[in-house]
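Reminder, nothing fancy here: chain letters follow the sequence lines and each chain counts from 1.
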2 protein chains.
Amino acid sequence: MSGSRPTIYDVAKKAGVSISTVSRVLNSPNKVNAETRVAVIDTISELGFIPKAEARARALKNLGRIGVITPFFTEPSFVQRLRGVASVLSSSQYELVVFSVDSITNLNSYLETIPLTRNLDGLILISLQLTAEQAERLSKHNIEVVLIEYPMYSLNCLEIDDQSGGRMAANYLLQKGYTNIAFIGTADTVEYGINPISSRLLGFMNRLSESGITLDAHSIHYASHDIEATRVLAKKVLMQPNPPAAIFAATDLQAIGVLRAAKELNLRVPQDLAVIGFDDLDLAEYFGLTTIHQPLDESGRIAAELLINRIQNPDRPAQHIRLPLTLIERETA
Amino acid sequence: MSGSRPTIYDVAKKAGVSISTVSRVLNSPNKVNAETRVAVIDTISELGFIPKAEARARALKNLGRIGVITPFFTEPSFVQRLRGVASVLSSSQYELVVFSVDSITNLNSYLETIPLTRNLDGLILISLQLTAEQAERLSKHNIEVVLIEYPMYSLNCLEIDDQSGGRMAANYLLQKGYTNIAFIGTADTVEYGINPISSRLLGFMNRLSESGITLDAHSIHYASHDIEATRVLAKKVLMQPNPPAAIFAATDLQAIGVLRAAKELNLRVPQDLAVIGFDDLDLAEYFGLTTIHQPLDESGRIAAELLINRIQNPDRPAQHIRLPLTLIERETA
DNA sequence: GTGAAAGCGCTAACAG
DNA sequence: CTGTTAGCGCTTTCAC
């Protein structure tokens, strides 16, 4: 009974269990019988046992840390994606470290230091772009990366087909018999992000023109990506002579701006004005918004699973996964 | 053979020496032939080799680590709070580790284990309760704790005065001249959470009765805490003979359920039905919802700041901070 | 649900 | 000076 630090063996002996059980109590407590667990925990604190970090690191196959870089503050969609990531990590052996980014400088400094300190097993980037050099550095330092919503040949990517999403929206409106149609999108070019809006518009226009409808400049409008700005714009659009009977908003948030404008003008939705969005945020449901659903939570889940998979089987080639879009019919169109 | 992090064996092989030599280069460089040393060092940096224990140690020690435990999936309010936390930490020297909890078992195993293995400097619990024992264990292991929305004497806490929030809602409706008023709240007793709903109701009733209005059983309704269930309930309530002219919903989410019911019944808001909520979620603004604002993002920010403060000055006494409520007048009441 | 046993990546004798 | 080898304290299959 000397003064040296107690080890897992001491705990095991005193608690009358094997070291495996003690280890399990520490690392996956729910795999241990509740009574046993309590007993072991008591012994642990009685002995003041603290696992030696170094030994632990040695035995661990990897660091057990996955980072997510996200522009957390801006859009609800990021949160939903993060939620998906969290849901798979919480039941895994990985710790979720969140880096929240609010400028390109900020992002770059993360991207520089992470490979150097190498204290992450993997990295998920949500709607953020990186340069070829940054990508190379990460892979050179054996840090697995999954990109959500930014395609890059050499890395694992999760994407959607924005263009075909646009087509779906057009198709739906055409089926409903609309011909007097407008588009409202985002003028923003977020410095660190990407802009799928033009793809959505392109698909939308293509499908319309297949039915002989041309979307000219008078039917394409841009506002910055918030509800208020879009509301103002939409109100203007709807007060023109011969206003559109249907509007495709490039995102749900903008669709909500349109909805608010319609309400102010006492337009009935969908009778006087049909509105269709894109994303299917949580709140789309709250508004009864008809929209193009893209898997947001799901994208986070898949990204995390893919990442863990790659960490454990590093030799597999990078995957590009295209997530399916579906049209959700609710009340606004 | 790209993929997982390089080990000392990889370095040894590539440099054409034994692992002992690599180890010596790392630990007692002067015992190694200069040329060999240089070669090994080159290989090390070529491979981006970082001893795992060191990487982990750096990850766990170099910068501070703050954990947030949150029932992430359930409610928008958690997300807003987390956002507040993230905003402070991103510009600090602290790393944000997110633990997302979906059951009481889950929470308890985190709470038991975190002080032992997870090496956190501080912990923020969002709307989660812990036992006296768990609190004690945390402080015994020098982990500072801040509780949001669950009061506990010995720990730092952030609270709001739900009861006075209820009063504010009542006061507002009374001022507007309403007397035929109903309350809709949550029947849920979330197992791991707390239930401030009854406090809100209590304050609400007290203020009403001061004006001679009694809220009897026929005016108090409960549904589970989601929009759909509340919508169904509200519809029933509003179709009764002599339906209420104003409804105080215990949360914004429930208020939105009420709004949807009103819409289905073609009731004009606020002319035919006034609706007031509680929380002031992001989406309250989208709906033009009049509501009691509680500082959500702010609560996260304050919690993080308080935590960092306590970590740096551990001798300060625990603080209980009560956050102010304000009424936000929008369009629904 | 639990224990035995085989590693994990690394350090530190020891021999050469 | 360098390589071989025996552990370090812990995690994690794999049986039972």
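- Put simply, NZ on Lys31(B) is 9 Å from C1' on dA12(C), counting in whole angstrom units.
- Between the CD1 atom of Ile50(A) and the P atom of dG9(D) there is a distance of 15 Å, given to the nearest Å.
- Side-chain contact of Thr131(B) with Gln134(B): a donor-acceptor pair under 3.5 Å is present, judged by distance alone.
- Using a 3.5 Å distance cut-off with no hydrogens or angles, the side chains of Asn309(B) and Gln319(B) do not pair a donor with an acceptor.
- Shown here for Asn156(B) and Ala318(B), the closest heavy-atom pair between the two residues is OD1-CA, 3.4 Å.
- Of the possible donor and acceptor atoms, none in the side chain of Ser139(A) sits under 3.5 Å from a partner among the backbone N and O of Asn142(A).
- Rounded to an integer number of Å, the gap from Lys13(A) NZ to dA4(C) P is 14 Å.
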Summarise how protein sits on nucleotides 11-16 of chain D as a single string, 5' to 3': B when a protein heavy atom is under 4.0 Å from the base, S for sugar-phosphate-only contact, - for no contact.
BBB---
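- Counting to the nearest Å, the C1' atom of dC8(C) and the CG atom of Asp10(B) are 14 Å from each other.
- Side-chain contact check for Ser77(A) and Gln80(A): no donor-acceptor pair (N or O, by modelled atom type) lies under 3.5 Å.
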So Asn108(B) and Arg37(A), side chain to side chain donor-acceptor pair (under 3.5 Å) or not? Walk me through it.
CA-CA 12 Å; Asn108(B) 284 339; Arg37(A) 185 175 61 221; over 6 Å; no
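- Regarding Asn30(A), its CG atom lies at a distance of 13 Å from the P atom of dT2(C), rounded to whole Å.
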